[in-house]
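Residue numbers run from 1 in the order of the sequence given.
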Amino acid sequence: MIKFIVYGEPVAQGRPRATTVNGRVRMYDPKKSRDFKHYLKLAASKHRPEQLIEGPISLEVKVYKPILKSFSKKKKAAAEAGQLRPISKPDVSNYLKLIEDALTGVIWKDDSQIIDCSISKYYSETPRTEIQIKEMDVIE
């Protein structure tokens, strides 16, 4: 099992941007997504297996967004206890897509290997992303 925490405000995969270079359209990640992806790769590389995982994988992600400054003390306490959860954008699938892309070639060979996935959003005074990866014993 590989388990690690990436501290800092979580970033979701942004919409791809396009530019024209020499009459050709070139697609690229927004700077914020690109920078967080790079940061995530660096953090994950400390937990990199000797060989990339090639079999089925289970992925569990917990995203802890910063508690809003507008929250009352009561709301802050509820948010920290996990009783108040974020229902605002970005949605969990965008966080997941960035993580899948960032860890491809660092932890696993291809993100299609993920056969079981769980992702949750929470509030916390300590914004972070917790990632847990397990190799599965599944016969293909």
Side-chain angles (χ1 to χ4, degrees):
M1 180 188 320
I2 299 170
K3 199 173 185 178
F4 60 97
I5 299 172
V6 180
Y7 290 97
E9 186 171 342
V11 176
Q13 179 65 49
R15 296 258 181 237
R17 304 286 187 243
T19 187
T20 307
V21 179
N22 297 328
R24 294 190 173 224
V25 176
R26 186 175 87 72
M27 303 297 285
Y28 64 94
D29 277 342
K31 181 174 175 20
K32 195 173 180 182
S33 296
R34 193 172 56 240
D35 290 348
F36 191 74
K37 222 181 258 189
H38 182 70
Y39 177 51
L40 190 56
K41 282 182 184 207
L42 283 174
S45 66
K46 295 176 183 168
H47 305 277
R48 161 185 254 145
E50 284 187 29
Q51 286 189 309
L52 293 178
I53 299 171
E54 293 189 21
I57 298 168
S58 168
L59 176 65
E60 184 181 328
V61 178
K62 291 183 180 176
V63 174
Y64 291 87
K65 295 176 69 169
I67 290 178
L68 302 177
K69 294 187 187 333
S70 62
F71 280 3
S72 65
K73 283 186 180 180
K74 187 177 177 181
K75 262 189 164 179
K76 279 183 184 178
E80 196 66 51
Q83 298 164 337
L84 179 63
R85 306 263 302 266
I87 55 170
S88 58
K89 291 189 179 227
D91 53 30
V92 292
S93 60
N94 291 333
Y95 287 111
L96 182 62
K97 185 63 188 149
L98 186 135
I99 292 165
E100 288 174 343
D101 290 349
L103 300 186
T104 297
V106 178
I107 302 291
W108 53 69
K109 202 168 193 169
D110 188 72
D111 56 5
S112 64
Q113 295 168 238
I114 301 168
I115 62 167
D116 192 21
C117 183
S118 165
I119 181 161
S120 307
K121 287 192 298 188
Y122 299 92
Y123 284 117
S124 176
E125 290 287 348
T126 311
R128 64 193 181 278
T129 305
E130 296 180 359
I131 299 171
Q132 180 175 298
I133 302 153
K134 289 185 206 170
E135 290 186 70
M136 304 288 286
D137 292 328
V138 176
I139 299 171
E140 295 179 44

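- Residues satisfying the side chain to side chain donor-acceptor pair (under 3.5 Å) criterion with Lys37, sequence neighbours excluded, are Gln13, Asp29.
- With Ser33 contributing its side chain and Ala12 its backbone, the two residues share a donor-acceptor pair below 3.5 Å.
- For the pair Arg128 and Tyr64, the cation sits on the ring face: its NZ or CZ lies under 6.0 Å from the ring centre, inside 45° of the axis.
- Tyr122 and Ile131 end up in different hydrophobic clusters when Ile, Leu, Val, Met, Phe, Trp and Tyr side chains are linked at under 4.5 Å.
- Distance NZ/Lys41 to NZ/Lys46: 16.0 Å, rounded to 0.5 Å.
- The closest donor-acceptor contact from the side chain of Gln113 to the backbone of Glu54 lies under 3.5 Å.
- Leu52 and Ile57 sit in two unconnected hydrophobic clusters of ILVMFWY residues. Membership requires side-chain heavy atoms under 4.5 Å apart, directly or through other members.
- In this structure a side-chain-to-backbone donor-acceptor pair under 3.5 Å is missing from Glu9 to Pro66.
- Val25 belongs to a hydrophobic cluster with Met27, counting contacts under 4.5 Å between side-chain heavy atoms of Ile, Leu, Val, Met, Phe, Trp and Tyr, direct or through other members.
- Sorted by first and then second residue, the pairs that involve residues 68-119 and meet ring pair (Phe, Tyr, Trp, His ring centres under 6.0 Å), not counting sequence neighbours, are Phe71-Tyr123.
- For Lys134, the NZ atom sits in a loose shell: 12 or fewer heavy atoms of surrounding residues, nucleotides or ligands are nearer than 6.0 Å.
- Sorted pairs that involve residues 16-25 and meet side chain to side chain donor-acceptor pair (under 3.5 Å), not counting sequence neighbours, are lacking altogether.
- Under a 4.5 Å side-chain heavy-atom criterion applied to ILVMFWY residues, the cluster that includes Met1 comprises that residue alone.
- The main-chain N or O of Lys32 is never found under 3.5 Å from a side-chain atom of Arg34 such that the two would form a donor-acceptor pair.
- Each salt bridge (Lys or Arg N to Asp or Glu O under 4.0 Å) pair with one or both residues in residues 71-99, not counting sequence neighbours, appears once here: Lys97-Asp101, Lys97-Asp111.
- Scanning both residues, Val92 and Ile119, for their nearest heavy atoms gives O-CD1, 3.4 Å.
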